[in-house]
Amino acid sequence: MGKRVAVVLAGCGVYDGSEIHEASAVLVHLSREGAQAEVYAPDVDQMHVVDHVKGQPTQEKRNVLVESARIARGNIKDLAKLDVKGLDALIIPGGFGVAKNLSTWATHGKNCTISKEVEDVLKAFHAAKKPIGLCCISPVLAAKIFPGCELTVGHDTECEKWPYAKTAETMKELGCKHVNKHVTEIHVDAKNKLVTTSAFMCNAPIHEIYDGIGKMVKEVVKLA
């Protein structure tokens with residue numbers, strides 16, 4: 001019987017939900033590892049809806065669970081129904097939805113709050129010593145909840161290749177150890193069973209992002 005892995009989504013689309021390529025890569029790599037993905041999302045309104053052509057917010061209202069169902073092909077459950085007992089691991093892909101719908105990181109940075117449902121799920125897996133995989137911006141959730149943990153969001157020096165490197169500095173301010181890694185690499189915090197990779201925090205070819213996520217998924221399944 002393959003490992004059962006919860007995948008938590010934050011909507012559909014990089015600017016206001018889960019990054020679709022990251023979410024898809026997670027599901028493909030889990031399948032390749034013989035693991036069974038169980039997809040969840042919170043049944044809440046998005047912070048806002050962004051027109052992905054213009055990169056501008058619109059007046060629309062959308063629901064995180066309903067939008068996430070697009071990626072999950074309809075096979076999704078309300079995050080409130082997640083039971084850690086029947087699951088072996090947790091993975092949260094990135095995308096601005098993590099910083100807007102699962103937390104207030106986008107507006108409050110290190111002073112953000114994490115959605116209670118999301119925080120409870122992360123703490124439940126951590127307490128059960130079950131592995132947690134995070135990529136792109138989603139490691140900020142662990143940075144906020146598990147002080148002193150080790151993570152990577154890529155590099156801590158901003159440049160054209162690493163446009164979001166200031167995130168690493170903010171995570172350090174929360175008391176975490178940030179480890180610089182290339183986009184195809186992962187960092188494993190063995191003590192906390194956290195596996196992280198930078199994904200689209202890096203301005204890199206999409207196949208390199210895909211490969212980095214693959215290593216993260218493989219390690220999470222191995223630790224489960």
Side-chain angles (χ1 to χ4, degrees), residues 1-12 17-20 22-44 46 63-95 97-98 101-103 113-146 149-151 186-197 199 213-224:
M1 185 70 181
K3 303 290 184 186
R4 294 176 65 200
V5 181
V7 178
V8 175
L9 299 182
C12 182
S18 286
E19 211 296 320
I20 295 169
E22 290 180 20
S24 176
V26 165
L27 296 173
V28 169
H29 285 298
L30 282 171
S31 174
R32 182 165 282 149
E33 292 302 314
Q36 180 185 335
E38 297 199 9
V39 187
Y40 295 85
D43 186 5
V44 295
Q46 292 183 189
N63 176 280
V64 175
L65 177 60
V66 172
E67 289 301 295
S68 299
R70 293 172 179 271
I71 297 172
R73 297 172 59 85
N75 187 11
I76 195 166
K77 296 175 194 162
D78 183 347
L79 185 60
K81 294 178 178 163
L82 187 152
D83 182 2
V84 69
K85 288 193 198 77
L87 296 159
D88 299 297
L90 168 68
I91 295 178
I92 306 180
V98 171
N101 305 327
L102 305 188
S103 72
T113 54
I114 310 291
S115 144
K116 186 177 184 306
E117 277 182 6
V118 175
E119 182 167 352
D120 288 350
V121 164
L122 280 159
K123 285 181 172 174
F125 276 91
H126 189 257
K129 296 188 166 28
K130 293 179 178 181
I132 299 168
L134 303 163
C135 64
C136 194
I137 193 65
S138 66
V140 301
L141 302 173
K144 187 70 182 178
I145 298 170
F146 309 123
C149 65
E150 297 179 7
L151 304 158
I186 61 172
H187 181 70
V188 183
D189 177 345
K191 181 184 165 193
N192 289 295
K193 281 201 167 182
L194 291 172
V195 187
T196 50
T197 191
I213 290 170
K215 287 179 188 170
M216 180 264 283
V217 169
K218 194 179 187 75
E219 187 65 23
V220 166
V221 173
K222 190 171 101 178
L223 290 171

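What you see is a predicted model; the values in this text were computed from it and never measured.
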Looking only at heavy atoms, what is the nearest atom pair of [X] and [Y], with distance?
X	Y	value
F125	A6	CZ-CB, 4.2 Å
L151	P139	CD1-O, 3.6 Å
G17	N101	CA-ND2, 4.3 Å
L65	A41	CD1-O, 3.6 Å

ring-ring contact (aromatic ring centres under 6.0 Å, His included) involving H126 - partner list, sequence neighbours excluded: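 Scan of H126 (ring-ring contact (aromatic ring centres under 6.0 Å, His included), adjacent residues dropped) gives F146.
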Pairs touching residues 24-43 that satisfy ring pair (Phe, Tyr, Trp, His ring centres under 6.0 Å), sequence neighbours left out: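 For residues 24-43, and leaving out neighbouring residues, the ring pair (Phe, Tyr, Trp, His ring centres under 6.0 Å) pairs sorted by first residue read H29-Y210.
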Find the distance between [atom1] ([X]) and [atom2] ([Y]) and round it off to the nearest 0.5 Å.
X	Y	atom1	atom2	value
I76	L79	CD1	CG	9.5 Å
K123	K116	NZ	NZ	8.5 Å
C149	K144	SG	NZ	12.5 Å

Donor-acceptor pair, distance only, cut-off 3.5 Å: does the side chain of [X] make one with the backbone of [Y]?
X	Y	answer
K3	A224	yes
E22	P93	no
D88	R4	yes
D43	D78	no
S138	I92	yes
S68	V64	yes

Lys/Arg N to Asp/Glu carboxylate O, R70 vs E67, below 4.0 Å: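 Looking at R70 and E67, the cut-off is met.
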Working for side chain to side chain contact (heavy atoms under 4.5 Å, CB included), residues V121 and V118: CA-CA 5 Å; V121 164; V118 175; 5.8 Å; no
Derivation and outcome, side chain to side chain contact (heavy atoms under 4.5 Å, CB included), residues V39 and N75: CA-CA 7 Å; V39 187; N75 187 11; over 6 Å; no
Atom pairs and distances, side-chain donor-acceptor, residues 129-136, under 3.5 Å, sequence neighbours left out:
residue, atom, partner, partner atom, Å
K130, NZ, V84, O, 2.8
K130, NZ, L87, O, 2.6

Side chain proximity check, E33 to V220, heavy atoms < 4.5 angstrom: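 No. Closest side-chain heavy atoms not under 4.5 Å.
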4.5 Å side-chain heavy-atom contact, L122 and L90: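 In contact.
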Partners passing side-chain contact (heavy atoms from CB on, under 4.5 Å) against S103 (at least two apart in sequence or in another chain):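 S103 satisfies side-chain contact (heavy atoms from CB on, under 4.5 Å) with W105, I114, L141 once adjacent residues are dropped.
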Side chain to side chain contact (heavy atoms under 4.5 Å, CB included) assessment of V188 paired with E219: CA-CA 8 Å; V188 183; E219 187 65 23; 3.7 Å; yes
D83, CG: over 12 other non-hydrogen atoms inside 6.0 angstrom: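 Yes.
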Results of side chain to side chain donor-acceptor pair (under 3.5 Å) for K77 - residues two or more places apart only: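 Partners of K77 under the side chain to side chain donor-acceptor pair (under 3.5 Å) test: E38.
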Residues which pass side chain to side chain donor-acceptor pair (under 3.5 Å) with E117, listed by chain and number, not counting sequence neighbours: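 E117 satisfies side chain to side chain donor-acceptor pair (under 3.5 Å) with no residue once adjacent residues are dropped.
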CA sep, side-chain torsions, deciding dist, call: S18, I71, side chain to side chain contact (heavy atoms under 4.5 Å, CB included): CA-CA 9 Å; S18 286; I71 297 172; 4.3 Å; yes
